[in-house]
Number of protein chains: 2
Amino acid sequence: MYTVPDLRAHGGADAFLRNCASRAVLDLLTNKWVCLVIGALRPGTMRFGELRRRLDGITQKMLTQTLRDLERAGLVNRDLYPSVPPKVEYSLTPLGENVGVLMDAIRVWAEDHIEDIRTAQVTYDAKATEELQPI
Amino acid sequence: MYTVPDLRAHGGADAFLRNCASRAVLDLLTNKWVCLVIGALRPGTMRFGELRRRLDGITQKMLTQTLRDLERAGLVNRDLYPSVPPKVEYSLTPLGENVGVLMDAIRVWAEDHIEDIRTAQVTYDAKATEELQPI
DNA sequence: CAGTATCCGTCCGGATACTG
DNA sequence: CAGTATCCGGACGGATACTG
């Protein structure tokens with residue numbers, strides 16, 4: 001029989017519960033663009049245009065939205081230099097650097113296990129197909 | 001000036017590129033339910049119904065879909081016991097246990113930093129409001 | 001018990017146009 | 001340069017009904 005592990009080990013928060021605030025934090029973090037933006041900012045400060053070019057495939061809207069969410073959550077700093085043309089620099093806060101270690105680990109894991117995943121998927125799809133046509 | 005770090009350090013994969021296969025893997029992993037399902041399975045094998053009850057708020061459809069995706073990617077085992085009523089047990093594969101360490105870290109981080117995030121968000125929202133009404 | 005099938009509203013995310 | 005505003009299709013995800 002399954003028993004729930006000790007949830008109070010770190011403050012009583014439990015992301016498995018739908019109304020726990022940690023579920024919302026998890027929602028924020030488990031996002032492709034969030035992972036990549038934070039990963040891009042780990043080496044250092046970047047401007048908006050630099051981020052847009054680095055995050056291949058992201059639209060202006062999604063980059064703006066992601067950066068706002070991260071700024072609001074206190075993971076990213078936004079520094080505006082009111083020059084003409086305007087210059088905006090983004091960087092990680094200490095909290096952002098903290099979670100950045102985890103975001104990087106996820107991204108690197110994905111990069112390192114492409115073949116494992118692809119092989120498994122091909123095998124799975126082949127089995128599904130052969131079940132439909134047993135010769 | 002920003003320079004791209006050495007991408008070839010682990011096989012040439014780069015999730016920042018839109019067509020890199022690792023981007024698809026990242027897409028699979030950066031998902032709330034994926035994180036929670038893998039986290040729930042780390043302590044050991046669980047049945048479908050047990051998972052549904054543990055992952056508060058998940059629907060049958062999303063649980064099935066998530067489990068299929070993970071099974072197809074080779075992260076989860078599905079063991080069917082053709083009894084009546086049927087019994088299906090889910091567990092992590094070695095690959096699943098491997099990424100499970102990272103998924104758990106993300107979830108625990110979320111649980112541990114609720115207050116930091118909430119404080120930052122309240123502060124951000126307060127500033128946005130005062131800018132609209134400078135008295 | 002562990003699904004599959006279907007319907008349907010929401011909102012994610014892309015494309016485009018415009019601005020300080 | 002770094003946004004904002006708007007439109008829109010399609011996927012995501014929930015609710016419900018049915019099944020081996």
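Note: hydrogens, waters and symmetry copies are ignored here, and every other heavy atom, side chains too, is used. Note on naming: letters A, B, ... go to the chains in the order of the sequence lines (proteins, then strands), and numbering restarts at 1 for each one.
By the 4.5 Å heavy-atom criterion applied to side chains, B:Leu75 and B:Leu29 are counted as neighbours. Looking at B:Arg18 and A:Ile58, their side chains never come closer than 4.5 Å, going by heavy atoms from C-beta outward.
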Identify each donor-acceptor pair in which a side-chain atom of residues 60-70 of chain B lies under 3.5 Å from a protein atom, sequence neighbours left out, and give them as a table.
from    : atom 1 : to      : atom 2 : distance (Å)
B:Thr64 : OG1    : B:Gln60 : O      : 2.9
B:Thr66 : OG1    : B:Met62 : O      : 2.6

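Between atom CD of residue A:Glu50 and atom CG of residue A:Leu55 there is a gap of 12.0 Å, rounded to the nearest 0.5 Å. Atoms CG and CZ, from B:Leu26 and A:Arg107 in turn, are 8.5 Å apart once rounded to the nearest 0.5 Å.
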For this session: Give the B/S/- string for nucleotides 2-16 of chain C, one per nucleotide from 5' to 3', where a protein heavy atom under 4.0 Å of the base yields B, of only the sugar-phosphate yields S, and otherwise -.
Result: BBB--B-----BBB-
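Although no hydrogens or angles enter the test, the distance criterion places a donor-acceptor pair under 3.5 Å between the side chain of A:Arg23 and the main chain of B:Asp56. Without hydrogens or angle criteria, A:Thr93 side chain to A:Gly74 main chain gives a donor-acceptor distance under 3.5 Å.
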Exercise. Please, what dot-bracket string fits DNA chain D when only Watson-Crick and G-U pairs with both distances under 3.5 Å count, crossing ones use [ ] and pairs to another strand use |?
Worked result: ||||||||||||||||||||
